[in-house]
Amino acid sequence: MTSKANFIEQTLAIDFGNSRVKILYNNIFKSFRYTEKLSHDFQNFFKTKVKTPLRVLYSSVNPEQSTAIINFLNTLPNVYVYNTFDLIQRQKKINLFNYYWVGSDRILGLLGGLEEFAPPLITIDIGTAVTVNCLDSERNFIGGVIFPGPDTQVKALQENTSLLKSIKLSKQDFGDIVEISTEGAITSGIINSIWGGLVFILDEIRRVKFNEVVVPVVFTGGGFVHFKSRYQHWEYEKKFYRKNLVLSGIISLARSERQYLIDFSQ
């Protein structure tokens, strides 16, 4: 077994998002929604699937949900926990001029993209929020765009309109942009406005920042499922979808900054 294989098998990546936690360990992917069973389900996964000694690297945009699990991990023998926030400040793959202004998940997604694509690079993470993140040809993080994701927009309607408390996004991919039913009209409005906004934003980013160059655009996030058909019909040469981009970025960060992590081979 190679040293690289040993390293991956001894590394657990955790991404605490706004609505769920995602885990990657030795090519095993798991996703848990934030429910009352979260702690039980995570501990059961850990006890049945994970071997020690182990290094755990995590990113969190939801401290309320991540604290209990991190506290649990810190009680275990031969388990060493690292916050990616600290490692990102040290890494040299991406040039960050003020990391304190940027969410860790955005940088980790770009690091995951760099595992496969050369800069310049754009990543789009569709979740509770939609984040568009840009890296120039010199690996400088030059910013991006953030706006509410599809489920967040639905919640806004539920919370602010008296007759839409139970409305949900339809799973049906409507062929006509104009829909009669309330559910269909809301689904069309949210999905098409987000997709139309993304295409406009990408065109503007390419025009203003990249001199119209066809930059690789990598999509990720649980909300991508709502846009799969539009993505497939979008005529753009360098479009890609990667399911676990942030988790891949955590593993990439672990490999590149392993000098700061405990080495179990010694």
Side-chain angles (χ1 to χ4, degrees), residues 15 17-20 22 59 61-62 84 88 93-156 169 189-250 252-253:
D15 174 23
N18 286 296
S19 60
R20 66 180 66 205
K22 290 171 281 187
S59 167
V61 297
N62 196 330
T84 57
I88 287 173
K93 288 188 173 184
I94 294 175
N95 300 318
L96 298 168
F97 301 105
N98 197 328
Y99 174 41
Y100 292 95
W101 292 353
V102 185
S104 297
D105 55 332
R106 298 172 65 193
I107 303 304
L108 291 166
L110 286 167
L111 286 170
L114 286 174
E115 286 290 286
E116 189 174 352
F117 307 101
L121 176 67
I122 298 172
T123 64
I124 299 176
D125 193 336
I126 306 176
T128 302
V130 179
T131 69
V132 183
N133 313 290
C134 306
L135 202 65
D136 70 13
S137 59
E138 302 299 320
R139 296 178 180 257
N140 298 312
F141 176 70
I142 58 174
V145 176
I146 302 176
F147 57 93
D151 290 335
T152 304
Q153 295 194 33
V154 169
K155 284 184 179 180
L169 284 178
I190 291 175
I191 299 306
N192 284 303
S193 64
I194 289 177
W195 183 255
L198 279 174
V199 172
F200 170 78
I201 288 166
L202 290 170
D203 285 345
E204 284 296 290
I205 290 173
R206 289 179 53 238
R207 182 181 68 83
V208 174
K209 297 295 185 181
F210 298 120
N211 296 318
E212 305 286 354
V213 172
V214 180
V215 177
V217 176
V218 187
F219 288 81
T220 193
F224 176 81
V225 64
H226 297 297
F227 303 91
K228 188 175 181 180
S229 176
R230 288 161 183 79
Y231 167 87
Q232 291 171 340
H233 290 93
W234 181 39
E235 295 184 358
Y236 188 80
E237 182 181 350
K238 295 183 178 180
K239 61 180 180 181
F240 308 92
Y241 167 70
R242 297 295 182 264
K243 182 178 181 180
N244 300 320
L245 198 63
V246 172
L247 291 170
S248 297
I250 293 176
S252 171
L253 182 66

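Just the heavy atoms: all of them, side chains too, but no hydrogens, waters or symmetry mates, feed the values below. No experiment lies behind these values; they were computed from the predicted model shown.
Although no hydrogens or angles enter the test, the distance criterion places a donor-acceptor pair under 3.5 Å between the side chain of Asp136 and the main chain of Glu138. Checked by atom type and distance alone, the side chain of Tyr231 pairs as donor or acceptor with a backbone atom of Lys239 at under 3.5 Å.
Minimum interatomic distance between Ser137 and Pro119 (heavy atoms only, all atoms of both residues): O-CG, 4.0 Å. Nearest heavy-atom pair, Ile194 versus Gly149, reported as atom, atom and distance to 0.1 Å: CD1-C, 4.0 Å.
With sequence neighbours excluded, the residues satisfying ring pair (Phe, Tyr, Trp, His ring centres under 6.0 Å) with Tyr236 are Trp234. Listed by chain and number, the residues in a ring pair (Phe, Tyr, Trp, His ring centres under 6.0 Å) with Phe240 are Phe117 (sequence neighbours excluded). Evaluation of the side chain to side chain contact (heavy atoms under 4.5 Å, CB included) rule for Val61 yields Asn18, Asp105 as partners, not counting sequence neighbours. With sequence neighbours left out, the side chain to side chain contact (heavy atoms under 4.5 Å, CB included) criterion links Ile146 to Arg106, Ala129, Thr131.
Phe224 and Phe219 have tilted rings, their planes meeting at an angle from 30° to 60° on a 0 to 90° scale.
Residue pairs meeting the side chain to side chain donor-acceptor pair (under 3.5 Å) criterion with at least one partner in residues 117-128, sequence neighbours excluded, are Thr123-Asn133. Sorted pairs that involve residues 208-224 and meet side chain to side chain donor-acceptor pair (under 3.5 Å), not counting sequence neighbours, are lacking altogether.
No side-chain N or O of Ser248 forms a donor-acceptor pair with one of Glu115 less than 3.5 Å apart.
Checked options Asp203, Val145, Val132, Val217; the residue passing with Leu198 is Val132 (criterion: side-chain contact (heavy atoms from CB on, under 4.5 Å)).
To the nearest 0.5 Å, atom CD1 of residue Ile124 and atom CG of residue Leu245 are 11.0 Å apart. The distance from the CZ atom of Phe227 to the CD1 atom of Ile126 is 5.0 Å, given to the nearest 0.5 Å.
Between Cys134 and Ile205, the closest side-chain pair of non-hydrogen atoms falls below 4.5 Å. Side-chain contact between Arg206 and Val214 is present, with heavy atoms from C-beta onward closer than 4.5 Å.
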**Report entry** Trace of the side chain to side chain contact (heavy atoms under 4.5 Å, CB included) decision for His226 with Ile190
**Finding:** CA-CA 10 Å; His226 297 297; Ile190 291 175; over 6 Å; no
